Amino acid sequence: MNLVNLESVSHAYGPKPLLTGVSLGVEEGDRIGVVGRNGGGKTTLISIIAGRLKPDTGRVTHTRNLRVGVLGQRDEFAAEATVRELVLGDRPEHEYAGDARIREILANLLGDIELAAQAGALSGGERRRTALARLLVGDDDLLVLDEPTNHLDIEAIAWLAGHLAARRSALVVVTHDRWFLDAVSTRTWEVVDGSVERYDGGYAAYVLAKAERSRLAQAAEERRQNLMRKEIAWLRRGPPARTSKPKFRINAAEALIADVPPPRETVELLKFASARLGKTVYDLEDVTLHAGGPGAGPLVLDRCTWQFGPGDRIGLIGVNGSGKSTVLRLLSGSVSPDSGRLVEGRTVKLAHLSQELAELDPAARVLETVEEIRKYVTVGKKEWSASQLLERLGFRGEAQWKVIGDLSGGERRRLQLLRLIMDEPNVLLLDEPTNDLDIETLTELEDLLDGWPGTLVVVSHDRYFLERVSDRTVALLGDGRLSMLPGGVDEYLTRRAAGTAQSARAATTTPAPAPTAAPAPAGLSAKEQRELQKELNRLERQLDKLAERETLVHAQMAEAASDFERLAKLGTELREIASQRESTELDWMDVAERLGE
């Protein structure tokens, strides 16, 4: 059954058209993910679908008695309203306490929030979870969600994806979280240049289908360009011949030329050379750290020993409030450990992208902030000015003289990333770098980081981005340690679900007990812990090298498909690699167990 129908809908803000002649529908059971550039019209589209915005032209029809639940980007509550009033309304306690669905929502979204708490006292993340809980306890036919994963940690995002997938409601969701898109959507709409392109499947299927469309369009464009060149050459054979040409032939050639589109705007991040790193980057030696300063706030690290080596690409995860940003501030030198020692390599040249973007002066101009770092930079054999680089980043003409305070969140994020990378760091600390970036910009950032040779530590709730740019996953599980997770985010969620990790939200200044399944060995000195950690790092590097060799051998076997003698030798080598890998993994597990991981 068709729930919502849009017929020839158009809408513009000022002179900028966002939607032009869009016709589409949302049917019962649809699960639609909406993607597109920031400012491209995604929020406008879903606002029209939800009935909250009237289009300039066209018609929008809803089925009779349609119940639509909407989650906007901003959570606006009366400051004096309590969480109970906002989420449960006037439901009596026995009603919601006896409803398993509502109990699950409250436990997973509001488990650490008092129902009597007033909205004015809630943090941004708590307000978001309250708004989600209020929406989900309802029984709507259609859910329209705008960036539902904002302010949620990885664990909450995974629960929300599972909950939405199990609901019978139709779903239209705008999000930049590509893992979440894949988990909840079965169709994808891309809002681009005023139209809506439709694809079957979630994000992964959308990327594959779009690549195929691009390939077909490129082949058609090549044929078109060849035809255009022939037509232009024919038109330019001289005045005498031109006068005798049939008019329809001239019109056809002119039509080919007339609709050639302008070059597409692209966000381009340049790859600058990085200063060489020595053997030491960061060594944590017996470090104790609290989030609020010495002895204050939740315990983040408890006599922790860890090494960050050259070329390490580490994703740092944990629940909100576990101390991930505090660890980055420790590495950047913004905070000092309560006890223990942080050793920083002599060759470290650091760049730290924080969540707040406080480093940008809101009164400064865009061009001035870039020229503070460098006015000119040489890329290859060409010298670029700061103004030229900004133009390639989409800041054209007068936009370069915009005041920083007038920029959108995504524009400020892109600007600061460029400033950081222009300074040629060899260590990057990125705290929620994906905030306010659209998917296209995210893929460009990932491409940049693919070719960047330094040490990277990234904190992000965007699971897709985290798994894409990091090689290892390290978690803060509330026990005062940096715990390496060979199974990545999946292992983290499994351990959290099994209750083997203490919630950081409930952590106190008292060290948390270690999981009973793997108690930390007593009596290890700081020196012994350092030696074991070094051995663990060595084994991990060895596993990485074996994985690279295995990939290379597989590629060589594919090339030698018809050379049976060569295939036999490669097969023997592959078995040797597998045997070495198995032995190394056993050694790694033994060392990790001795360290109490």
Side-chain angles (χ1 to χ4, degrees), residues 71 73-75 77 83 87 105-115 117 119 121-134 136 147-163 175-177 179-180 289-292 296-301 314-330 335 353-357 409 429-436 457-466 473-483 485 489 492-497 499-509 512:
L71 180 76
Q73 290 192 28
R74 293 182 177 84
D75 307 314
F77 304 134
V83 173
V87 175
I105 293 168
L106 296 181
N108 284 279
L109 292 178
L110 306 179
D112 61 335
I113 303 176
E114 292 289 340
L115 293 180
L122 301 179
S123 68
E126 290 170 338
R127 293 171 68 88
R128 193 58 168 175
R129 286 185 279 139
T130 299
L132 264 171
R134 178 172 66 169
L136 297 179
E147 296 295 351
T149 63
N150 282 0
H151 301 294
L152 299 186
D153 57 32
I154 287 176
E155 191 175 4
I157 291 171
W159 174 84
L160 179 61
H163 177 83
T175 179
H176 297 148
D177 189 318
W179 179 89
F180 185 79
L289 177 69
H290 285 81
L299 178 71
V300 179
L301 300 176
I314 296 172
L316 181 60
I317 60 178
V319 297
N320 286 340
S322 61
K324 302 183 295 296
S325 296
T326 304
V327 171
L328 294 192
R329 288 196 290 270
L330 172 70
V335 299
L353 179 71
S354 68
Q355 290 190 49
E356 292 79 15
L357 295 173
L429 306 179
L430 303 180
D431 197 351
E432 296 294 351
T434 66
N435 284 356
D436 301 311
V457 183
V458 57
V459 169
S460 179
H461 294 148
D462 186 329
R463 179 172 172 177
Y464 190 103
F465 178 84
L466 193 75
T473 304
V474 175
L476 289 169
L477 297 171
D479 55 4
R481 300 175 185 162
L482 288 169
S483 299
L485 305 178
V489 176
Y492 167 77
L493 293 173
T494 300
R495 292 180 65 173
R496 289 283 302 167
T500 58
Q502 175 189 343
S503 172
R505 297 190 184 103
T508 64
T509 56

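Predicted model, so just to flag it, every value in this text is computed and none were measured.
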Which heavy atom of [X] sits nearest to which heavy atom of [Y], and what is that distance?
{"X": "Leu110", "Y": "Ala133", "result": "CD1-CB, 3.9 Å"}
{"X": "Ser460", "Y": "Thr434", "result": "OG-OG1, 3.8 Å"}
{"X": "Leu160", "Y": "Pro148", "result": "CD2-CB, 4.2 Å"}
{"X": "Leu71", "Y": "Leu132", "result": "CD2-CD2, 3.8 Å"}
{"X": "Ser325", "Y": "Asp431", "result": "OG-OD2, 2.6 Å"}
{"X": "Arg134", "Y": "Phe77", "result": "NH2-CE2, 3.3 Å"}

Residue pair Asn320 / His461, side-chain donor-acceptor N/O under 3.5 Å:
yes

Value rounded to 0.5 Å, distance of [atom1] in [X] from [atom2] in [Y]:
{"X": "Glu432", "Y": "Phe465", "atom1": "CD", "atom2": "CZ", "value": "10.0 Å"}
{"X": "Leu152", "Y": "Asp177", "atom1": "CG", "atom2": "CG", "value": "9.5 Å"}
{"X": "Asp75", "Y": "Arg128", "atom1": "CG", "atom2": "CZ", "value": "4.5 Å"}
{"X": "His176", "Y": "Asn150", "atom1": "NE2", "atom2": "CG", "value": "9.0 Å"}
{"X": "Ile317", "Y": "Asp153", "atom1": "CD1", "atom2": "CG", "value": "10.0 Å"}
{"X": "Leu482", "Y": "Ile314", "atom1": "CG", "atom2": "CD1", "value": "8.5 Å"}

Does any non-hydrogen side-chain atom of [Y] lie less than 4.5 Å from one of [X]?
{"X": "Arg129", "Y": "Val83", "answer": "no"}
{"X": "Val87", "Y": "Leu109", "answer": "no"}
{"X": "Leu485", "Y": "Arg495", "answer": "yes"}
{"X": "Leu301", "Y": "Leu330", "answer": "yes"}

Out of Leu430, Leu429, Leu466, Val474, which residue meets the side-chain contact (heavy atoms from CB on, under 4.5 Å) rule with Leu316?
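Testing each of Leu430, Leu429, Leu466, Val474 against Leu316, the sole residue satisfying side-chain contact (heavy atoms from CB on, under 4.5 Å) is Val474.
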
Testing Ile154, Ile105, Leu493 one by one against Trp159 for a side-chain contact (heavy atoms from CB on, under 4.5 Å), which residue passes?
Ile105

With no hydrogens and no angle check, is any side-chain donor or acceptor of Lys324 less than 3.5 Å from a backbone partner on Val458?
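No, Lys324 side chain to Val458 backbone: no donor-acceptor pair under 3.5 Å.
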
Determine yes or no for a side-chain-to-main-chain donor-acceptor pair under 3.5 angstrom, with Arg463 supplying the side chain and Trp179 the backbone.
no

Please lay out, stage by stage, how Arg496 and Val319 fare under the test side-chain contact (heavy atoms from CB on, under 4.5 Å).
CA-CA 10 Å; Arg496 289 283 302 167; Val319 297; 3.4 Å; yes

Would you say Gln73 has more than 12 foreign heavy atoms packed within less than 6.0 Å of its CD?
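Above 12, so yes.
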
